[in-house]
Amino acid sequence: MVNETFADRLRKAMGDRGIKQVDLVRAAAGQGVKLGKSHVSQYVSGKTVPRADILHFLAAALQVDEDWLLNGNIKKPEKINERENKSPGGSIMREFKKSSKLDNVLYDVRGPVVEEANRMESAGTHVLKLNIGNPAPFGFRTPDEVIYDMRQQLTESEGYSDAKGLFSARKAIMQYAQLKLIPNVSIDDIYTGNGVSELINLCMSALLDDGDEILIPSPDYPLWTACATLAGGKAVHYICDEQSDWYPDIDDIKKKISDRTKAIVIINPNNPTGALYPREVLQQIVDVAREHQLIIFSDEIYDRLVMDGEEHISIASLAPDLFCVTFSGLSKSHMIAGFRIGWMILSGNKRHVQDYIEGLNMLSNMRLCSNVPAQSIVQTALGGHQSVKDYIVPGGRIYEQREVIYNALTDIPGITAVKPKAAFYIFPKIDVKRFNITNDEQFALDLLREKKILIIHGGGFNWKEPDHFRVVYLPRVEVLEQASRKIGDFLSTYRQ
């Protein structure tokens, strides 16, 4: 091309490598290079050319020569690693790339910032991980009775179970559903899974065709959006309103419904905000679902981690005439995240979803069964004394840690937060004008590198503005106090 510009060569190199603009931004963040989406857009559109350090990064990321990229006055060289990719016979080896289905999948709970934290730890740096709700590293132990009963049943857990799960486990879950007033549930309506995560993936795969839409909250637990996207569907995010205690915005939900909408997801109690939805909000969601004939998927994994004397209400209990799928498990309430045991309960009117249920059964059968040793302790865990209750009252660890993190973070100039009522997360808001923050992932990386504290930026939860981050408040009070002081010290001088 005679009049080829820098922008032309940049687009060509990106096309050759299958790299999108967002890939460059993420790669830059992972290397500590300050490169925003607007900068890349300007380079690609030809409005400007990068300075030397950014040019060096772009050339390395795209595996091309800097001089060719900037001036185009030499023949485009072989890609840097092309020699390494040659077979013994001299031919270039075939390159395998990830599926294009992953292009729009986000899961930053274990994403680029976490990768940088892992690199730092490998180099000998201690990092305080406030990024994931993993109770065990912070001293929360599985109840002794649960461990004892699993040991007793290990020799009986060597073979596959029924695809849906052990009878004893599903019977205990069915009785739990009865206590939650979930209607029209038999033992055949209960499926166990390797955590709720596996079951979310199974449900999305069985339901969604290309272009089908599903309503998912923003902020969300990103696995919901990722699984819907992988299944070929389109995640349409409705807003949860921070000014209204992070409750779903019903008017926004109504605006987002189209003739392609099949279902609505709620996360209650909510991750990442810690919100607990009252009966009147749940009833409004039911009314919308009823009007538009939507399936309701309700993620209730934190339903036993509710504080301040509040009551958790299963939305399925308000919708006996609608088809609902309710998810829960033992990972959080019984502090056994590594055992991987969750379940889903099909309830309500099932007459019009028989074909979908057949799809669920097919996918459930294909994975043979969920892990049997973990299934064996469901009955023990759901019966008898619930030790989690000791954590969520005044004097209990989760309650007191919530009090400390809420007060400490909101004492920092430029930070506000809605006090969580459930789970063990808080989703504070940053005054982006005060700190000139335009890239929340960069903020998380800068905090990590300077203070060795790992948090997840709001964008990791499909929140569109760069003004939030999530903190897990599982560490003990003294650790949270120290972490809050470090965050405050960091923000006292931080400007992006």
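None of these values were measured; they are calculated from a predicted model.
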Under 3.5 Å, is there a donor on one side chain and an acceptor on the other for [X] and [Y]?
{"X": "Ser370", "Y": "Thr192", "answer": "yes"}
{"X": "Gln442", "Y": "His457", "answer": "no"}
{"X": "Asn270", "Y": "Thr273", "answer": "yes"}
{"X": "Glu156", "Y": "Ser376", "answer": "no"}
{"X": "Thr225", "Y": "His237", "answer": "yes"}
{"X": "Asp287", "Y": "Gln283", "answer": "yes"}
{"X": "Asn361", "Y": "Ser364", "answer": "no"}
{"X": "Thr380", "Y": "Glu145", "answer": "no"}
{"X": "Arg119", "Y": "Thr125", "answer": "no"}

When the ring centroid of [X] is compared with that of [Y], is the distance short of 6.0 Å?
{"X": "Phe327", "Y": "Trp224", "answer": "yes"}
{"X": "Phe424", "Y": "Tyr302", "answer": "yes"}
{"X": "Trp246", "Y": "Phe427", "answer": "yes"}

Starting at [atom1] of [X], measure out to [atom2] of [Y] and round the result to the nearest 0.5 Å.
{"X": "Ile296", "Y": "Ser298", "atom1": "CD1", "atom2": "OG", "result": "8.0 Å"}
{"X": "Gln375", "Y": "Met150", "atom1": "CD", "atom2": "CE", "result": "10.0 Å"}
{"X": "Asn407", "Y": "Thr410", "atom1": "CG", "atom2": "OG1", "result": "5.5 Å"}
{"X": "Leu409", "Y": "Ile487", "atom1": "CG", "atom2": "CD1", "result": "5.5 Å"}
{"X": "Ile264", "Y": "Ile315", "atom1": "CD1", "atom2": "CD1", "result": "7.5 Å"}

Checklist line | Ser484 and Tyr406: CA distance, side-chain angles, deciding distance, side-chain contact (heavy atoms from CB on, under 4.5 Å) verdict | finding: CA-CA 10 Å; Ser484 299; Tyr406 171 75; over 6 Å; no
Side-chain ion pair, [X] and [Y], N-O less than 4.0 Å:
{"X": "Glu403", "Y": "Lys419", "value": "yes"}
{"X": "Glu121", "Y": "Lys129", "value": "yes"}
{"X": "Lys262", "Y": "Asp212", "value": "yes"}
{"X": "Asp252", "Y": "Lys256", "value": "yes"}
{"X": "Lys350", "Y": "Asp189", "value": "yes"}
{"X": "Glu198", "Y": "Arg367", "value": "yes"}
{"X": "Lys180", "Y": "Asp303", "value": "yes"}

From [options], residue fulfilling side-chain contact (heavy atoms from CB on, under 4.5 Å) relative to [X]:
{"X": "Met344", "options": "Val196, Thr326, Leu199", "answer": "Leu199"}
{"X": "Phe323", "options": "Leu346, Asn184, Asn349", "answer": "Leu346"}
{"X": "Ile453", "options": "Leu130, Val471, Val127", "answer": "Leu130"}

Next item on the list: Look at the aromatic rings of Phe443 and Phe490 and report parallel, tilted or perpendicular, splitting at 30° and 60°.
Entry: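 Rings of Phe443 and Phe490: tilted, as their planes differ by 30° to 60°.
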State whether the side chain of [X] and the backbone N or O of [Y] hold a donor-acceptor pair below 3.5 Å, judged by distance alone.
{"X": "Glu300", "Y": "Asn268", "answer": "no"}
{"X": "Glu450", "Y": "Asp446", "answer": "no"}
{"X": "Gln496", "Y": "Asn439", "answer": "yes"}

Quick one: does NZ or CZ of [X] land under 6.0 Å from the six-membered ring centre of [Y], within 45 degrees of the ring axis?
{"X": "Lys164", "Y": "Tyr191", "value": "yes"}
{"X": "Arg397", "Y": "Phe140", "value": "yes"}
{"X": "Arg402", "Y": "Tyr399", "value": "yes"}
{"X": "Arg470", "Y": "Tyr221", "value": "no"}

Note to self: Run the side-chain contact (heavy atoms from CB on, under 4.5 Å) test on Leu128 and Lys486 for me, step by step, so that the C-alpha distance in whole Å, both residues' side-chain angles and the decisive distance to 0.1 Å come before the verdict.
What the structure shows: CA-CA 11 Å; Leu128 175 60; Lys486 288 183 177 180; over 6 Å; no
Margin query: Apply side-chain contact (heavy atoms from CB on, under 4.5 Å) to residues Ile430 and Ile437 and explain how you reach the verdict.
Written below: CA-CA 9 Å; Ile430 320 168; Ile437 294 174; 3.8 Å; yes
Next item on the list: Take Glu116 and Leu445 through the test side-chain contact (heavy atoms from CB on, under 4.5 Å) and record every step on the way to the result.
Entry: CA-CA 8 Å; Glu116 174 65 6; Leu445 276 165; 3.8 Å; yes
Note to self: Can you confirm whether more than 12 heavy atoms, excluding those of Arg151, are under 6.0 Å from its CZ atom?
What the structure shows: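 Result for CZ/Arg151: open.
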